[in-house]
Student: 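Below are the structure tokens for one structure; questions will follow.
In this chain, residues are counted from 1 in sequence order.
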Amino acid sequence: MRAWRVHEYGRATSVMRLEEIDEPVPGLGEIRVRTTAVTLNFNDGDGIEGRYRTVAPTLPFTPGMEVVGVVDATGPGAERWAGRRVAAIPSMAYGGYAEAVLCSSKSAF
């Protein structure tokens, strides 16, 4: 699957690259959301540029703190979410700029 990845801090148009990465597999209580929309907020912009970071993943990382999409896979305990359209926060509050992302079922609505 494809995801926008940041390997160094800087201007998004200069440092983000569209790359192939492994598709994530949901674990206990997790859902995998096939993204149809993502946000671009100040926290994402700051993280990409390496400024004040509310969430501070190590490089390289996939930004994206909120997603909308359809649940296409579930881990144990999250089966009731299968097939639902959701808005959710990705696990660890980053990773949303990808074709699919893991989210805790507790952060989905």
Side-chain angles (χ1 to χ4, degrees):
M1 72 168 206
R2 295 178 303 168
W4 286 102
R5 305 278 289 160
V6 175
H7 290 267
E8 61 183 304
Y9 300 117
R11 187 181 189 105
T13 55
S14 300
V15 300
M16 291 183 67
R17 291 182 279 188
L18 188 59
E19 299 177 346
E20 285 291 328
I21 63 170
D22 293 336
E23 189 146 309
V25 177
L28 181 65
E30 288 184 317
I31 58 176
R32 184 175 64 208
V33 177
R34 186 72 47 192
T35 56
T36 56
V38 298
T39 63
L40 175 58
N41 63 46
F42 288 114
N43 289 322
D44 289 317
D46 285 344
I48 293 165
E49 293 190 5
R51 295 188 306 239
Y52 173 75
R53 299 182 299 152
T54 303
V55 176
T58 57
L59 293 171
F61 72 97
T62 300
M65 296 181 84
E66 299 107 1
V67 298
V68 172
V70 176
V71 177
D72 73 343
T74 64
E79 296 87 356
R80 71 182 188 91
W81 290 93
R84 290 188 180 189
R85 181 169 158 73
V86 297
I89 298 169
S91 297
M92 306 301 292
Y94 63 90
Y97 295 178
E99 291 179 315
V101 62
L102 294 182
C103 303
S104 169
S105 61
K106 293 178 181 178
S107 76
F109 53 97

Student: According to side-chain contact (heavy atoms from CB on, under 4.5 Å), who are the partners of A82, at least two apart in sequence or on a separate chain?
Tutor: T74
Student: Hydrophobic clustering (ILVMFWY, side-chain heavy atoms < 4.5 Å, transitive) - are V38 and V71 grouped together?
Tutor: yes
Student: Report the hydrophobic cluster partners of I21, with the cluster defined as I, L, V, M, F, W, Y residues connected by side-chain heavy atoms closer than 4.5 angstrom, directly or transitively.
Tutor: M1
Student: Apply side chain to side chain donor-acceptor pair (under 3.5 Å) to Y94 and list each qualifying residue two or more places apart in sequence or on a separate chain.
Tutor: none
Student: Tell me, please, which residues at least two apart from S91 pass side chain to side chain donor-acceptor pair (under 3.5 Å).
Tutor: E30
Student: Could you report the tightest heavy-atom contact between C103 and V33, atom names first, then the distance?
Tutor: SG-CG2, 4.0 Å
Student: Treat each ILVMFWY residue as a node, draw an edge where side-chain heavy atoms are under 4.5 Å apart, and state whether L40 and V15 are in one component.
Tutor: yes
Student: Search all heavy atoms of T36 against all heavy atoms of G69 and return the closest pair with its distance.
Tutor: OG1-CA, 3.5 Å
Student: With rounding to the nearest 0.5 angstrom, report the CE to OG1 distance, M16 to T13.
Tutor: 10.0 Å
Student: According to the side chain to side chain donor-acceptor pair (under 3.5 Å) rule, which pairs have a member within residues 58-68, sequence neighbours left out?
Tutor: R5-T62, T39-E66, N41-E66
Student: Once salt bridge (Lys or Arg N to Asp or Glu O under 4.0 Å) is applied, what residue pairs with a partner in residues 7-16 remain, sequence neighbours excluded?
Tutor: none
Student: Only pairs at least two apart or in different chains count here, so list each salt bridge (Lys or Arg N to Asp or Glu O under 4.0 Å) that has a residue in residues 84-106.
Tutor: R2-E99
Student: Quick one: does S105's side chain have a donor or acceptor within less than 3.5 Å of a partner on G29's backbone?
Tutor: yes
Student: Any link between V101 and V68 through a network of hydrophobic side chains (Ile, Leu, Val, Met, Phe, Trp, Tyr) touching at under 4.5 Å?
Tutor: no
Student: Got a sec, which residues hit salt bridge (Lys or Arg N to Asp or Glu O under 4.0 Å) with D72, two or more places apart in sequence or on another chain?
Tutor: R32, R34
Student: Considering residues at least two apart in sequence or located in another chain, which fulfil the side chain to side chain donor-acceptor pair (under 3.5 Å) criterion with E19?
Tutor: H7
